[in-house]
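Read through the structure below, which is laid out as structure tokens, and then see the notes.
Not measured: the values here are computed from a predicted model.
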Amino acid sequence: NKTTNKQTNKQTSITMSNSIAIQLNNAAIDALYVGDIEKGFKILSHTFFDSIRNRHKLHRLTMDGDKGSSSLEFSIQDCSQELSRRLSLSPAATQGSHSFLCLNFLRMEIPRDSEGRERVDQLCSCAVAWALGYNLSIVYALVGFQRGGSTHGTTLMKKALRTLLPIKRQIMLQKSNSPFWTNLKLSILNNYICILRECGTMDVKPSVLAMQELLAKSRSHLDPMDVKKFYLSIQFMDVFTCIAAAA
């Protein structure tokens, strides 16, 4: 009986479907939207690591529908209102970069019909895992900023960097110039710079320049409030870079 229970538990831990992972991701975003960092962190970390553990069994990234292939639908949710307040109230939070961390999280939508959900579940979990990882990297950074310069805070920042880096490489190769993908690229570059600053291991200037160039090319297609937010972040990062170089 004990052997059977162990086998059952093992099977349960490796059979999370894409549609369930998406629902958990969105539940985590709902928690983060109201400022519940701990709940969002627990859900995202569990779901992300389960998702990457099972990837590449069947590497399909598109769904075959009546009209050919269609991608999963993603949308951006700004959770900055409550999360920024929580971070500012943390006595250990480091000053500076945390004020410019971009708190744009990714939601994913799944078809409501059972046939559509089945098609989603046939996709390689890579189609979902990258979005989970992107969201988790932000939460790692959030909690890292809350912990200030402590050993735990530094460890979380390094985890944020390791999680975000492969996603950054993947997304920056995305050719679409739509407002969604441009906003996501800017958010990733912005957070990459913030995290690098805290880790202090690499020169942030190339990433600042890349963010400046992308924003200059795409500002006419973006929401004016997003443009203002990213420009303020660039100005802060650029000033910091100049001060660091002088030092």
Side-chain angles (χ1 to χ4, degrees), residues 12-55 58 60-63 65 69-87 101-143 146 156 159-160 163-164 166-168 170-171 174 176 178-188 190-191 223 226:
T12 302
S13 68
I14 64 173
T15 55
M16 183 184 292
S17 65
N18 287 334
S19 57
I20 291 176
I22 290 170
Q23 291 176 57
L24 288 170
N25 174 80
N26 294 346
I29 305 310
D30 290 340
L32 292 165
Y33 185 75
V34 296
D36 194 338
I37 299 175
E38 183 179 356
K39 182 177 179 180
F41 188 19
K42 285 181 178 179
I43 296 174
L44 281 173
S45 57
H46 171 75
T47 309
F48 172 67
F49 288 114
D50 186 278
S51 183
I52 63 173
R53 185 166 58 239
N54 298 310
R55 63 183 175 182
L58 181 62
R60 295 182 61 209
L61 297 179
T62 57
M63 295 183 291
S69 296
S70 59
S71 300
L72 280 169
E73 291 187 18
F74 299 90
S75 60
I76 290 175
Q77 181 158 352
D78 182 358
C79 296
S80 60
Q81 185 171 351
E82 284 298 318
L83 292 180
S84 295
R85 186 178 67 84
R86 290 293 181 92
L87 192 56
L101 190 68
C102 187
L103 302 174
N104 286 341
F105 289 86
L106 283 175
R107 297 185 71 92
M108 293 175 273
E109 305 302 327
I110 56 175
R112 295 186 178 183
D113 60 289
S114 58
E115 184 179 349
R117 286 195 295 271
E118 287 177 7
R119 292 201 302 271
V120 169
D121 290 336
Q122 290 170 2
L123 298 174
C124 175
S125 60
C126 286
V128 173
W130 74 267
L132 289 164
Y134 164 78
N135 289 336
L136 181 59
S137 72
I138 301 176
V139 182
Y140 273 142
L142 268 173
V143 181
Q146 282 187 316
L156 287 167
K159 285 184 177 181
T163 305
L164 184 60
I167 297 166
K168 172 181 174 288
Q170 176 185 345
I171 298 305
Q174 170 64 239
S176 174
S178 71
F180 168 80
W181 287 108
T182 302
N183 201 316
L184 181 59
K185 289 176 184 178
L186 288 166
S187 298
I188 288 174
N190 182 90
N191 290 349
D223 184 288
D226 288 330

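By the 4.5 Å heavy-atom criterion applied to side chains, L156 and Q146 are not counted as neighbours. When side chains are defined from C-beta on, K42 does not count as touching V139, because their heavy atoms never get closer than 4.5 Å. Counting heavy atoms from C-beta outward, F48 and L24 have side chains that stay 4.5 Å or more apart. Under the 4.5 Å side-chain criterion, counting only non-hydrogen atoms from C-beta, L103 is in contact with L142. Counting heavy atoms from C-beta outward, N18 and S125 have side chains that approach closer than 4.5 Å. Two residues are said to be in side-chain contact when any heavy atoms from C-beta on lie closer than 4.5 Å; D226 and L186 fail this criterion. Side-chain atoms of L123 and V128, non-hydrogen and from C-beta on, never get closer than 4.5 Å to each other. A 4.5 Å side-chain heavy-atom check between R119 and E115 finds at least one atom pair inside the cut-off.
In this structure, F74 and W130 have tilted ring planes: the angle between them lies in the 30° to 60° band.
Atom CD of Q174 sits in a crowded spot, with more than 12 heavy atoms from other residues, nucleotides or ligands closer than 6.0 Å.
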Can you check side-chain contact (heavy atoms from CB on, under 4.5 Å) on D36 and R86, steps first, answer last?
-> CA-CA 9 Å; D36 194 338; R86 290 293 181 92; 5.7 Å; no

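The distance from atom CZ of R85 to atom CG of L83, rounded to the nearest 0.5 Å, is 10.0 Å. Rounding to the nearest 0.5 Å gives a distance of 10.0 Å between CD1 of I171 and CG of L164.
In this structure a side-chain-to-backbone donor-acceptor pair under 3.5 Å is missing from S84 to Q81. A side-chain donor-acceptor contact under 3.5 Å links D121 to the backbone of S19.
Checked against the 6.0 Å centroid criterion, the rings of Y134 and F105 do not qualify as a close aromatic pair.
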